[in-house]
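Written below as structure tokens is the structure these notes are about.
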2 protein chains.
Amino acid sequence: MNNAVFVALADPTRRQLLERLAMGPTTATGLSVRFPLTRQAVVKHLGTLADAGMVAKERHGREVRYRMESAPIGEATAWLTTVAARWEQRLLRLKSYVEEQP
Amino acid sequence: MNNAVFVALADPTRRQLLERLAMGPTTATGLSVRFPLTRQAVVKHLGTLADAGMVAKERHGREVRYRMESAPIGEATAWLTTVAARWEQRLLRLKSYVEEQP
DNA sequence: TCCATGTGCAACTGTTCAGTTGCACATGAA
DNA sequence: TTCATGTGCAACTGAACAGTTGCACATGGA
């Protein structure tokens, strides 16, 4: 599993930025207005999200728009689902074993 | 969304511990044998997982078994799915808008 | 050309955290 | 009781990281 994805998700500010980006692409400067952060702080967070492949940059004239990429989220979800399913399956086997007892 | 869950998931060692715990409950000492870590380091990681509600402790005689709890994983998955879905939905609306153009 | 706006890069600070070491306490078996 | 095993707690170290500040560069409009 790609570690960078979970590292990027670990910060609440980055998750909020992601939620905002899910609404549509924006610039770092635009985000820094709606968040209690410096533009530089936003850029750093977006860089971390980009390292995880969750965000992509697009130049438009003199501004840079950040666009969300949902594929890594899908991978993270898949990993979580697999681990949880393994545990649930074990519980089910345990349950049926107990019910088989006389 | 509960921040502690994503914080706990951000460390690769903790995710490996989770994968191991999905197989069945174990003690910190038992885990420290199979991982290149001190028992104390394992205990700390399990503590972080416990703070997130992903792990529960059970005393059995003089040993403490750690058991996985899958509910928080379900919540994390739900959050991820929601954010990704919002973005995908936006892409769909954009696509249909473009196709409507003459 | 001039200027406002948007971006990029580097250095600095404070904090958090992973991992270790050392020691004390508890428990089960002989 | 004695001893081996398992656990709990505290202090220490080094590294990673969030956030800031300061300054330089680029771009579009007047």
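In the text below, chain A, chain B and the rest are named by the order of the sequence lines, each starting its count at 1.
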Flag, side chain of Ser70(B) to backbone of Met68(B), donor-acceptor distance under 3.5 Å: no
Where do N or O atoms of nucleotides 26-30 of chain C meet protein N or O atoms at under 3.5 Å, pair by pair?
unit_1, atom_1, unit_2, atom_2, d
dT27(C), O2, Arg62(B), NH1, 2.8

Heavy-atom donor-acceptor pair, Thr38(B) side chain to Ala41(B) backbone, under 3.5 Å: no
In whole Å, I'd like the distance from the CG atom of Asp11(A) to the C1' atom of dT16(C). 12 Å
Within the distance-only criterion (no hydrogens, no angle test), does the side chain of Arg15(A) pair as donor or acceptor with the backbone N or O of Leu9(A) below 3.5 angstrom? yes
Counting the atoms with a prime plus P, OP1 and OP2 as sugar-phosphate, which does Arg14(B) contact under 4.0 Å by heavy atoms, base, sugar-phosphate, or nothing? sugar-phosphate
Rounded to whole angstroms, how far apart are CG on Asn3(A) and C1' on dA18(C)? 13 Å
Are Leu31(A) and Val64(A) linked, directly or through other ILVMFWY residues, by side chains that come within less than 4.5 angstrom of each other? yes
Need two values: the first and the last nucleotide of DNA chain D, 5' to 3', having an atom under 4.0 Å from any heavy-atom of chain A. dA18(D) to dG28(D)
DNA chain C nearest-nucleotide lookup for Val7(B) and Lys57(A): closer to the 5′ end is Lys57(A)
Under 4.0 Å between a side-chain nitrogen and a carboxylate oxygen: does that hold for Arg90(B) and Glu88(B)? no
Counting the atoms with a prime plus P, OP1 and OP2 as sugar-phosphate, which does Thr27(A) contact under 4.0 Å by heavy atoms, base, sugar-phosphate, or nothing? sugar-phosphate
Residue pair Thr26(A), Arg20(A): steps toward the side chain to side chain contact (heavy atoms under 4.5 Å, CB included) verdict: CA-CA 9 Å; Thr26(A) 326; Arg20(A) 176 62 191 77; 3.7 Å; yes
Is Glu63(A) touching bases, backbone alone, or none of the nucleic acid, heavy atoms closer than 4.0 Å? sugar-phosphate
Report the C-alpha distance between Trp87(B) and Glu19(A) in whole Å, list the side-chain angles of each, state the deciding distance to 0.1 Å, and finish with yes or no for side-chain hydrogen bond (donor to acceptor under 3.5 Å, both in side chains). CA-CA 9 Å; Trp87(B) 174 246; Glu19(A) 286 180 331; over 6 Å; no
Could you state the atom-to-atom distance from CG of Leu49(B) to P of dA18(C) in whole Å? 10 Å
As a quick check of understanding, evaluate salt bridge (Lys or Arg N to Asp or Glu O under 4.0 Å) for Arg67(B) and Glu58(B), giving each step before the final call. CA-CA 7 Å; Arg67(B) 173 176 39 86; Glu58(B) 292 176 344; 2.6 Å; yes
